[in-house]
Amino acid sequence: MHYEHISWKAVIIWELLAALAAALLITLILLIFVPYTWLWYLLLWTSGAVYVLAAFLYLPLLYLSISYAVGRDALVYRSGVIFPSVKVLYRERIAFVSVYNNPLTPVLRLSSFVASGAGGNLRILFMNTGRAQELAELLAGAKLS
């Protein structure tokens, strides 16, 4: 099986969300706690260190850990940095497939792919829209045959 990665645009979206969360947290620290105390410094430095570790270490590793493959018998999804997991959905058990789009889909050209069947759902976020459509047609076409 040949494993493929999700779109690299996912890292950009995650980085922007991490920066927004860090800015919100730092703003709350600046507004709530007394400035220039040991607790104020501790919270600011800790939140900055967590942001740097998340943005420059964890999120790129998360992107590299997420991959999927479509085989003859199954759809396989691997993910996880600290606790890796593998999800397998066998093709004969797939009941239906869906491609979800959001309002930013035309701008970013990203979609979410969901395959549902006996045993659960398999959701792949941040796929290129064209690849998600191809995958949906491939798996839906296999059910029609």
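The structure presented is a predicted model; accordingly, all values stated were derived computationally and were not measured.
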Under the side chain to side chain contact (heavy atoms under 4.5 Å, CB included) test, residues paired with [X] that sit two or more places apart:
X	result
L57	L53, L61
L16	I12
T105	N101, N102, S111, T129
Y3	S67, A69, V76, R78

Tell me, do V88 and L75 make a side-chain contact under 4.5 Å, heavy atoms counted?
-> no
So how far is it from [X] [atom1] to [Y] [atom2], rounded to the nearest 0.5 Å?
X	Y	atom1	atom2	answer
L64	S79	CG	OG	13.0 Å
H5	S65	NE2	OG	9.0 Å
W14	Y58	CH2	OH	8.5 Å
N121	S98	CG	OG	9.0 Å

Carefully, step by step, assess Y77 and F113 under the rule side-chain contact (heavy atoms from CB on, under 4.5 Å).
-> CA-CA 12 Å; Y77 180 74; F113 173 82; over 6 Å; no
Determine whether [X] and [Y] fall in the same hydrophobic cluster, where Ile, Leu, Val, Met, Phe, Trp and Tyr are linked whenever their side-chain heavy atoms lie under 4.5 Å apart.
X	Y	result
M1	L89	no
L110	Y100	no
Y51	V11	no
V50	L62	no
I124	F96	no

Derivation and outcome, side-chain contact (heavy atoms from CB on, under 4.5 Å), residues L122 and V114 = CA-CA 6 Å; L122 197 138; V114 179; over 6 Å; no
Tell me the salt bridge (Lys or Arg N to Asp or Glu O under 4.0 Å) pairs involving residues 106-134, sequence neighbours left out?
-> E4-R131, R131-E134
L108 backbone acceptor or donor facing K9 side chain under 3.5 Å | yes
Side-chain donor-acceptor contacts of residues 18-41 below 3.5 Å, not counting sequence neighbours, with atom names and distances?
| unit_1 | atom_1 | unit_2 | atom_2 | d |
| --- | --- | --- | --- | --- |
| T27 | OG1 | A23 | O | 2.7 |
| T37 | OG1 | V34 | O | 3.0 |
| T37 | OG1 | W40 | N | 3.3 |

Under the side-chain contact (heavy atoms from CB on, under 4.5 Å) rule, what do L138 and R91 come out as? Steps first, then yes or no, please.
-> CA-CA 11 Å; L138 175 71; R91 288 179 85 160; 3.8 Å; yes
